[in-house]
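What follows is one structure encoded as structure tokens, with my remarks underneath.
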Amino acid sequence: QVQVVESGGGSVQAGGSLRLSCTASGLSSDLVIMGWFLQSPVKEREGVSCISRYGGTTYYADSVKGRFTISGDNAKNTVYLQMKNLKPEDTAMYYCAGLRWCGAFSGTSLNGYATSWGQGTQVTVST
């Protein structure tokens, strides 16, 4: 059974940084491609970034390009989301998921490729 566990969320002021971690275990073929999503009371769950762990290809939502960086440590089965220059509108629950595909996406178009979800980690950015 695939398990995905997120950590690293917290409260920061605008302009600050956080690094989220996602540790995955289970069927390795389901974890080759991983992604981050966010959901808030004002936004439905949507893609933030995804990575093909062995090829290293990455994609980002337009709203986070240049501020967020996704990376992976295959030895630790962990995927990271480095978040810099955080804005109040980044406030959301962030979820990690195993994916069946990673490519250029927008909005909720990545959601249907998720095969396993974590419980989420809250990020709150204040002014």
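Heavy-atom basis, side chains included; hydrogens, waters and symmetry copies ignored.
Between Thr23 and Gln3, every side-chain heavy-atom pair lies at or beyond the 4.5 Å cut-off.
Note that CD of Gln122 and OH of Tyr94 are 9.0 Å apart. Values are rounded to the nearest 0.5 Å. Rounding to the nearest 0.5 Å places OG of Ser49 at 12.5 Å from CD of Gln82. Taking OG1 of Thr121 as the start and CG of Leu38 as the end, the distance is 12.5 Å to the nearest 0.5 Å. Remark: Met34 CE to Ser71 OG distance equals 12.5 Å, nearest 0.5 Å. Of the inter-residue distances, the one linking Lys87 atom NZ with Thr127 atom OG1 reads 14.5 Å to the nearest 0.5 angstrom. Between Glu44 atom CD and Gln39 atom CD the span is 8.5 Å, to the nearest 0.5 Å.
Classification of Lys65 and Asp62 as a salt-bridged pair holds, one side-chain N sitting under 4.0 Å from a carboxylate O.
Taking both residues in full, the closest heavy atoms of Arg67 and Asn85 are given as NH1-O, 3.0 Å, listed atom of the first, atom of the second, then distance. Taking all atoms of both residues into account, the shortest heavy-atom contact from Leu20 to Gly9 is CD2-N, 3.6 Å. Across all non-hydrogen atoms, the minimal contact from Trp36 to Ser21 is CH2-O, 3.6 Å. Minimum interatomic distance between Ser109 and Ser106 (heavy atoms only, all atoms of both residues): OG-O, 2.9 Å. In this structure, Cys102 and Ser52 approach most closely via the heavy-atom pair SG-N, 4.5 Å. In terms of heavy-atom proximity, Leu110 sits nearest to Gly47 at CD2-CA, 4.5 Å.
Partners of Asn74 under the side-chain hydrogen bond (donor to acceptor under 3.5 Å, both in side chains) rule, at least two apart in sequence or in another chain, are Arg53.
A distance-only check finds no donor-acceptor pair linking the side chain of Glu6 to the backbone of Cys22 [under 3.5 Å].
A cation-pi arrangement is absent between Arg45 and Phe37 under the rule of less than 6.0 angstrom and at most 45 degrees off the ring axis.
Both Ile51 and Tyr60 belong to a common hydrophobic cluster when Ile, Leu, Val, Met, Phe, Trp and Tyr are linked at side-chain heavy-atom distances under 4.5 angstrom. Note: the hydrophobic cluster containing Phe68 does not contain Tyr80 (ILVMFWY, side chain heavy atoms under 4.5 Å, direct or indirect links). Hydrophobic clustering (side-chain heavy atoms under 4.5 Å, transitive across Ile, Leu, Val, Met, Phe, Trp, Tyr) keeps Val5 apart from Ile70.
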Going through the distances and angles, do Val2 and Trp117 end up as a side chain to side chain contact (heavy atoms under 4.5 Å, CB included)? CA-CA 9 Å; Val2 175; Trp117 294 98; over 6 Å; no

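Atom NZ of Lys43 has more than 12 heavy atoms from other residues, nucleotides or ligands within 6.0 Å.
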